[in-house]
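Step one of this worksheet: look at the structure below.
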Amino acid sequence: MSAGSVVTADILRIDPVMVADRIVANIQDIVGNRFKRKGAVIGVSGGIDSTVVAFLCARALGNDRVFLLFTPETDSSPDSLRLGGLVAESLNARSATEDISPILKGARCYERRDEAVRLVVPDYGDGYKFKIVLPNLLDANRYSIFSAVVQSPDGSTKQVRLSAAAYLGIVAATNFKQRARKMIEYYYADLMQYVVAGTPNRLEYDQGFFVKNGDGSADLKPIAHLYKSQVYQLAAYLGVPDEIRRRPPTTDTYSLEQSQEEFYFTLPLEKMDLCLYGKNNGIPPADLAPAVGMDEQQVERMYRMIEAKRKMAHYLHSAPLLVEPIEVS
Amino acid sequence: MNTDTITQQVRSFIADNYLLRHAEQLKNTDSFLDDGILDSTGILQLITFLGERFGVTVEDEEVTTENLDSIDKVTAYLSRKLNGVSKGQIPGVQEGLGGSL
């Protein structure tokens, strides 16, 4: 794209029939030919990404060869389980609900997390709720450092910047959730000789919005090449229920409701999509700015943040490295 | 405290915690963010270090690349703070206005 070209959100428009057909053919090849497995396990959160992956796997392998797994825990929204049930019903697919709270309690996930929160909010305890949020990064060259938003039992809230120890303690503890889910997914995959299908979209995959050996772990990732808005286009084509298509993306990880924008991307996902596309395709910030309703300097900041997160995601993406090469035929 | 001492101590902190055996390649002007030296967690650890070593409280609105993105920038920021420079002269802080976080 040459400098000065008019950019609109249409640059992310796809032909959903062609895209779906291509993904379906690749799922068939990967599951049947390369891995020689009989079906796919999909952890379904009731969100758009996992639902689209479930629909694609059902189309590729047959409804009777997908197994949907719901893994609620103490902090999950009840909507997640209800919408997961809607996916199973829509596909007439087998499913199981595994409450992972006992696993998490056994690992002291909640205790460890609360201990970390108390490093910055000493009175945090029973009856309190919290989430972690990022500052506004558009209007100054700020770092993506988190604050805790804590709601006390009387409903009052306060926001406190996290110390490094508190942040690391909270993240390390809550990462048990994604890892426990993956452990259960692989239990069913082993039981049925299925693959585990991962559900990241391109934003999440590129920017490292996943837990290593947690939701980042899978045998295939059918929509990792699609921007979030393209996943929505595919969802419409595949007939994903309206309620799931309208649900705002959530992390469903903290006791206070938390959007993905607050937690990681700092921008609404449709704008983040365009910024990532612009960065990937060398679109000058001045050309992209009108399409995202930002000024040139703000787009430059987003490009810089994308690059910084991408560098930090390198470790998350990396498979175990060998210090000497080994020939495996 | 003179700026050379500040620079040396900040450099040692970065080298010891984030660069392992590659510290000699670090220039005082290298961008922590653009060169992938520190991520957001590293910045939090740097803030903790500045508090413990220099007794400086880094305000929310001061956590910007203008103040903290290289050894030279941290040195300049610390020098201003330690010399009691008014808030209005520190990037990110407008005297009399609250933070925007």
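Numbers restart at 1 for each chain; the letters A, B, ... are given by sequence-line order, proteins then strands.
- Taking the six-membered ring where tryptophan is involved, the planes of F130(A) and Y124(A) are perpendicular, since the angle between them exceeds 60° and thus also 30°.
- For the pair D60(B) and R161(A), the salt-bridge criterion is met [side-chain N within less than 4.0 Å of a carboxylate O].
- When heavy atoms are compared at a cutoff of 4.5 Å, Y167(A) approaches chain B solely by way of its side chain, counted from C-beta outward.
- Most heavy-atom pairs under 4.5 Å with chain A: of the set L68(B), T48(B), D34(B), this distinction falls to D34(B).
- Within the model, atoms OH of Y110(A) and CG of L104(A) stand 4.5 Å from one another, a figure rounded to the nearest 0.5 Å.
- Annotation: Y205(A) is not in aromatic contact with H225(A) [ring centroid separation under 6.0 Å not met].
- Both the backbone and the side chain of D69(B) come within contact range of chain A, each with at least one heavy atom under 4.5 Å from a heavy atom of that chain.
- Heavy-atom distances place the side chain of I47(B), and not its backbone, under 4.5 Å from chain A.
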